[in-house]
Amino acid sequence: MSTESNDREHAAYDFAHVQEKWLPVWDRIEPFKSGRADDMRPKKYVLDMFPYPSGDLHMGHAEAYALGDVISRYWVQKGFNVMHPIGWDAFGLPAENAAIKRNEDPRIWTYENIATQKASMRRFACSFDWDRVFNTCDPEYYRWNQWLFLQLYKRGLAYRKDSAVNWCPGCQTVLANEQVVAGLCERCDTAVTKKKLNQWYFKITDYADRLLDDMEQLEGKWPEKVLMMQRNWIGRSMGANVKFAIDGLPEPVTIYTTRPDTLYGATFFVVAADSELAAKLAAGTEVEKEFNEYLEKIKAASDIDRLATDRPKTGVFLGRYAINPVNGEKLPIWASDYVLADYGTGAIMAVPAHDQRDLDFARAMKLPVRVVVDTGEEDPNETGIATGGDGVLVNSQGLNGLKKEEAIQKIIAQLEKDGLGKASRNYRLRDWLVSRQRYWGTPIPIVHCEKCGEVPVEEKDLPLQLPLAEGLDLKPKGTSPLGAATDWVNVACPKCAGPAKRDTDTMDTFVDSSWYFLRYPSSTNHDEPFSRKDIDTWLPVDQYVGGVTHAILHLLYSRFFTKVLNDIGMLDFNEPFTRLLNQGMVLMDGSAMSKSRGNLVRLSDELAHHGVDAIRLSMVFSGPPEDDVDWADVSPSGSVKFLSRAWRLSGDVSSAPGVDFKSGDLSLRKATHKALNDASFAVESFRFNVAVARVMELVNATRKAIDSGCGAADPAVREAAEAIAIMLSLVAPFTAEEMWERLGHAPSVALAGWPEVDATLLVADAVEAVIQINGKIKERIEVSPTITDAEIEALALAHPTIVAELAGSTPKKVIARAPKLVNIVA
RNA sequence: GCGGGAGUGGUGAAAUGGCAGACACGCAGGUCUUAGGAACCUGUGUCUUCGGACGUGCGGGUUCAAGUCCCGCCUCCCGCACCA
């Protein structure tokens with residue numbers, strides 16, 4: 001061997017060259033093609049949340065795809081037919097805003113970015129099945145959005161109503177409840193206001209109970225945090241509806257309460273100031289003017305102001321009285337903004353003694369407070385603190401002496417018997433508002449006819465294509481830009497052929513993502529959104545990977561769609577994602593990266609400096625996948641160092657491929673099989689960082705074996721190097737492929753298969769046991785791993801150190817846990 | 001306010017109730033070198049009278065044994081936020 005080649009052997013390997021070398025090879029082999037007709041491997045569906053095509057991939061994408069790839073590539077190595085698809089969530093505001101700025105069709109920007117991201121994903125060695133790609137802005141995709149909309153419409157699950165909706169003045173469109181974050185628009189952070197509009201909704205509230213109860217199936221498989229967030233978001237509460245007669249009016253008013261046991265403690269009555277009921281009660285009375293002034297005032301207050309829970313209570317006495325059905329008392333009726341119009345019935349009985357908000361209002365308005373549950377706490381009249389806990393009922397006639405729960409049961413039974421009320425439940429969840437007054441989305445397939453009213457577009461006429469943007473003013477102005485596409489808008493009514501107009505709103509892009517995972521297995525199907533056969537083969541998704549930002553939006557909507565499709569009979573499962581992994585964010589110096597903050601790390605720069613494998617490795621090794629990664633804390637150059645160390649091993653191996661490992665050095669063989677076993681376990685429990693650590697240990701052990709142990713020719717060295725290449729292929733595919741070739745194998749290492757672990761090699765020859773006295777370590781001894789409790793106890797008690805420590809006294813108790821530990825209680 | 005999660009070396013982090021700090025980063029020293037931003041080796045929780053002692057946010061408890069389980073605090077992060 002010449003000095004020159006020796007130098008090359010020991011130089012750090014050229015990652016740029018290796019990357020260029022393998023990409024075309026993989027293009028040819030297509031190691032990750034799924035669902036070939038003759039494929040007999042068991043299936044797995046591993047899914048990464050699809051990206052929004054806004055510019056090139058960034059560090060966050062790199063983190064997510066690196067993690068998804070570990071899982072996907074692992075199952076391929078384990079012999080599964082893995083479908084790991086990708087597509088683009090391509091409709092939406094960023095494209096439209098970019099189009100306005102550049103004065104061109106959003107299609108151009110969108111498809112350009114998709115091409116850029118696709119090329120970057122290939123270079124990043126994402127193990128995607130490229131045959132299944134689609135974009136939600138393709139007519140071939142969104143026609144099925146429209147088709148699904150019509151199926152929901154047929155079943156009364158898509159409907160229009162007038163309502164006060166969330167309005168973003170920045171985006172000039174309405175927003176779903178889920179898209180309002182702390183009173184601000186999720187997209188642009190503008191303060192959201194209310195607007196009365198007629199809009200399309202999906203009736204997700206019909207599914208509230210199932211969305212809640214089916215979460216039982218996800219327990220332990222989804223992050224507890226996401227389940228908690230969904231539970232809170234749905235917010236089921238149990239209580240009762242109670243009818244209150246109104247003095248001087250023929251119709252009673254129904255209220256909702258979770259505490260019907262406190263009915264005798266009601267001292268006033270409140271209706272939501274912005275409800276129709278309040279307007280009706282005020283109409284024609286002497287307080288009408290005062291009420292209207294109050295209403296104007298609270299309408300002007302933004303949601304932000306409303307968020308301050310400690311702001312003083314306000315309201316107007318409406319001059320009317322409600323009659324308490326249990327004792328006939330006259331309760332003054334107030335209008336206030338602390339009662340919400342769209343929750344429950346928009347009216348409440350106020351029990352200030354046992355509800356803090358009612359108490360705050362009572363104190364502000366000098367209204368009486370009556371205790372009806374003795375909780376053992378101090379009088380709310382004096383402390384100003386309502387007592388909401390359990391206790392014994394007082395001042396409540398037939399309920400006196402009962403505990404809270406008993407009283408609730410008894411009063412509900414009584415109310416039902418008397419026809420004055422009934423048990424009821426309520427949800428925080430509201431119906432999903434799906435109309436948007438913007439251009440770049442799926443057109444709603446409804447025609448409005450002067451004669452026939454609302455008429456659905458016929459299924460055979462789908463897709464209802466979005467008109468070209470040319471000639472349309474896309475600038476946000478509060479009504480859909482589609483309204484100006486007169487040729488498109490004016491149509492013949494599908495029913496009577498008379499003059500009619502298309503609905504000009506587009507669908508929320510969350511509609512697109514609520515079912516896209518069902519489309520991948522059937523992505524080339526032109527006759528239906530997905531075929532039953534494909535669904536039965538691949539779904540549900542075995543492993544979903546994505547950010548926690550979608551904990552309630554996308555994940556709740558997808559669960560809803562799945563349940564609807566289950567009801568329609570298009571699929572036979574009711575939860576779409578069996579397991580969910582939420583990866584953390586990539587931060588820089590403790591905060592999210594942003595241009596304005598000046599802490600943006602460009603993925604392309606990092607890849608150029610350290611190579612794809614080192615960046616992927618750094619992401620995976622930095623810590624548990626759910627935790628955020630602070631890029632300031634990771635060392636990509638350390639990853640480069642490790643990868644070249646591993647790579648050098650493959651050049652040192654001097655035995656031939658196919659050599660029988662059985663004759664190899666036993667201690668290195670044991671290290672190899674332990675690493676394979678531990679790494680496997682770590683990957684399956686999402687501790688990818690630990691899996692990498694096990695590979696590092698094996699690299700270290702192999703280095704030592706070559707330099708100062710059994711030597712490079714020992715078969716165990718080859719076995720170790722091959723195992724390292726295979727394990728590394730999950731994280732560092734280029735390095736692993738290069739190693740595999742240098743070890744004399746044909747590509748691709750991705751399909752090499754996870755080596756069978758030999759259980760007999762997992763047993764160590766000797767293990768170190770500790771001997772404790774009173775829990776403190778006094779001595780360490782080498783023992784056989786198969787030693788019994790009695791044997792190890794005897795060894796411990798006979799050990800000179802222990803004999804000396806005990807100084808002749810008899811131990812009170814000896815706990816032996818062979819082969820690890822003996823604890824002597826002296 | 002309500003709900004959830006987390007606090008371990010200089011740093012990122014490991015640890016089925018059983019040896020706290022695996023694996024790395026960083027740092028220090030060394031070997032080889034014309035050179036080192038290469039490679040390799042050694043050391044690296046704190047205190048220490050060099051025997052050891054102490055050590056996982058704080059205070060209690062359960063246990064032969066607690067980073068891990070239980071109770072009460074403190075701090076930080078996330079979600080919801082007048083939902084009756």
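Model, not experiment: these values are computed from the prediction. Below, chains carry the letters A, B, ... as their sequence lines are ordered, and counting in each starts from 1.
Salt bridge A:Arg648/A:Asp652: absent, no basic N to carboxylate O contact under 4.0 Å.
The side chain of A:Ile777 lies closest to B:C19, out of B:C23, B:A84, B:C19.
Comparing the same atom, P, in B:A22 and in B:U42 gives a spacing of 15 Å after rounding to whole Å. Nucleotides B:G26 and B:G9 place their C1' atoms 12 Å apart, quoted to the nearest Å. The same atom, C1', is picked in B:U33 and in B:A39; the two are 11 Å apart, to the nearest Å. Comparing the P positions of B:A53 and B:G57 gives a spacing of 22 Å, expressed to the nearest Å. Comparing the P positions of B:G59 and B:G67 gives an interatomic distance of 14 Å, to the nearest angstrom. Comparing B:G12 with B:G17, their P atoms sit 25 Å apart, to the nearest whole Å. For the P atoms, the distance from B:G60 to B:C54 is 16 Å, rounded to whole Å. Taking atom C1' in both B:C76 and B:U31, one finds a spacing of 46 Å when rounded to whole Å.
A sub-4.0 Å separation between OP1 or OP2 of B:A22 and a side-chain N or O of A:Asn689 is absent. A:Ser637 has no side-chain polar atom (N or O) that falls below the 4.0 Å cut-off from OP1 or OP2 of B:G37. For the OP1/OP2 pair of B:A84 and a distance below 4.0 Å, the side-chain nitrogens and oxygens of A:Tyr338 include no atom meeting the criterion. OP1 or OP2 of B:A65 has not a single side-chain nitrogen or oxygen of A:Arg817 nearer than 4.0 Å. A:Lys225 has no side-chain polar atom (N or O) that falls below the 4.0 Å cut-off from OP1 or OP2 of B:C78. Residue A:Arg428 places at least one side-chain N or O closer than 4.0 Å to OP1 or OP2 of B:A81. Put simply, A:Lys704 has no side-chain N or O that comes within less than 4.0 Å of OP1 or OP2 on B:C41. In this model, the phosphate group of B:C40 is approached by a side-chain N or O of A:Arg645 to a distance below 4.0 Å at OP1 or OP2.
A:Phe642 comes within contact range of no nucleotide atom at all, as no heavy-atom separation falls under 4.0 Å. Within 4.0 Å (heavy atoms only), A:Val825 reaches sugar-phosphate atoms of the nucleic acid but no base atom. Residue A:Leu821 is in base contact, counting any heavy-atom pair closer than 4.0 Å across all strands shown. Looking at heavy-atom distances under 4.0 Å, A:Asp633 makes contact with sugar-phosphate atoms alone, never a base. Counting any heavy atom pair closer than 4.0 Å across all strands shown, A:Glu768 reaches a base atom. A:Arg231 comes within contact range of no nucleotide atom at all, as no heavy-atom separation falls under 4.0 Å. Residue contacts shown for A:Gln356 are absent, as no nucleic acid heavy atom lies under 4.0 Å away. When heavy atoms are screened at a 4.0 angstrom cut-off, A:Asn426 is found touching no nucleic acid atom at all. At a threshold of 4.0 angstrom between heavy atoms, the contacts of A:Arg430 include nucleobase atoms, whether or not backbone atoms are also involved.
Closest non-hydrogen pair, A:Pro785 versus A:Val767, comes out as CA-CG2, 4.2 Å.
Evaluated for a side chain to side chain donor-acceptor pair (under 3.5 Å) with A:Ser639, the options A:Ser618, A:Ser644, A:Ser622 yield exactly one hit, A:Ser618.
Put simply, the side chain of A:Asn232 and the base of B:C80 share no donor and acceptor less than 3.5 Å apart. Side-chain N/O atoms of A:Lys812 and base N/O atoms of B:C64 include no donor-acceptor pair closer than 3.5 Å.
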### Message
Please evaluate residues A:Thr345 and A:Thr254 with respect to the criterion side chain to side chain donor-acceptor pair (under 3.5 Å), reporting the C-alpha separation (whole Å), side-chain torsions for both, the decisive distance (0.1 Å), and the verdict.
### Response
CA-CA 7 Å; A:Thr345 60; A:Thr254 301; over 6 Å; no
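Between A:Trp432 and A:Tyr557, the angle of the ring planes stays under 30°, which puts this pair in the parallel group of the 30/60° scheme.
Aromatic ring centroids of A:Phe361 and A:Phe268 lie under 6.0 Å apart.
A donor and an acceptor atom, one from each side chain of A:Asp358 and A:Tyr338, are located under 3.5 Å apart.
In this structure, A:Arg648 places its CZ atom 6 Å from C1' of B:A39, rounding to the nearest Å. The nearest whole Å value for the distance from the CD1 atom in A:Ile408 to the C1' atom in B:A84 is 13 Å.
Across all strands shown, the partner of B:U11 is B:A24, judged by Watson-Crick or G-U wobble contacts whose two distances both fall under 3.5 Å. Across all strands shown, B:C40 forms a Watson-Crick or G-U wobble pair with B:G30, both key distances being under 3.5 Å. Across all strands shown, B:G59 pairs with B:C71; the Watson-Crick or G-U wobble distances both stay below 3.5 Å. When both pairing distances are held under 3.5 Å, B:C54 makes a Watson-Crick or G-U pair with B:G45.
A donor-acceptor pair is defined here as one N or O able to donate and one able to accept, closer than 3.5 Å; such a pair exists between the side chain of A:Thr257 and the backbone of A:Arg259.
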